[in-house]
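Below, each value reflects all heavy atoms present in this structure, side chains not excepted, and no hydrogens, waters or symmetry copies.
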Amino acid sequence: NVSTLASNTNASLSTEEGDGFGLALLDFVTGLANRAVVPHVLSLSLGSLSAYSCDLLCAEAAKTRKVSRGECEAYLQSQRQVCMFKSEAQV
C-alpha cells in the first residue's frame with residue numbers, strides 16, 4: 001500500500017485564475033512540507049508560464065504596437081492558469 005494525498009486547489013477564482021495560482025501552489029507545498037507524513041510520489045500538472053516568460057511575452061507583443069503592454073497583461077491575467085504570478089516582483 002502506498003500513502004496517497006489528493007489535493008485539488010481548483011476551489012475558487014482566487015486559487016486558479018490570474019495571479020492567485022502561484023500563491024495557491026506556494027501555500028500547498030508549504031503545507032506539504034509541514035506534514036508529518038508526505039507522499040512518496042508527488043505529481044503536479046503545471047502548464048503555466050513563469051513571471052519572466054509572461055513579462056517577455058507582453059514585451060514582445062507590445063513591440064508590434066497592435067496591443068499595449070497593459071492590455072496584454074490584463075488579457076493574460078483573465079485567462080485560466082496562463083501566468084503563475086502577476087509579475088516578477090510578486091515572486
Side-chain angles (χ1 to χ4, degrees):
N1 289 337
V2 176
S3 177
T4 302
L5 170 65
S7 179
N8 181 6
T9 61
N10 187 11
S12 71
L13 291 178
S14 66
T15 58
E16 289 289 320
E17 309 296 335
D19 62 342
F21 180 55
L23 298 177
L25 178 63
L26 180 61
D27 186 52
F28 171 75
V29 295
T30 301
L32 186 63
N34 290 319
R35 291 175 155 268
V37 177
V38 295
H40 295 284
V41 175
L42 178 62
S43 175
L44 300 172
S45 176
L46 301 175
S48 301
L49 298 173
S50 69
Y52 175 79
S53 295
C54 287
D55 184 61
L56 179 62
L57 181 92
C58 286
E60 292 299 314
K63 286 181 183 178
T64 68
R65 301 177 196 252
K66 292 181 181 175
V67 61
S68 74
R69 190 177 184 106
E71 290 170 325
C72 176
E73 290 168 353
Y75 176 76
L76 292 179
Q77 286 302 310
S78 74
Q79 301 303 300
R80 186 173 188 80
Q81 297 182 355
V82 174
C83 297
M84 185 164 277
F85 293 96
K86 191 172 184 177
S87 68
E88 290 180 54
Q90 188 186 31
V91 177

Which pair of non-hydrogen atoms, one from Arg69 and one from Ala62, has the smallest distance, and what is that distance? N-CB, 3.9 Å
Given the rule that I, L, V, M, F, W and Y join up when any side-chain heavy atoms are under 4.5 Å apart, are Leu57 and Val67 in one cluster? no
Residues which pass side chain to side chain donor-acceptor pair (under 3.5 Å) with Lys63, listed by chain and number, not counting sequence neighbours: Glu60
Quick check: do Leu76 and Cys72 have side-chain heavy atoms less than 4.5 Å from each other? yes
Nearest heavy-atom approach of Glu73 to Cys58 is N-SG, 3.5 Å
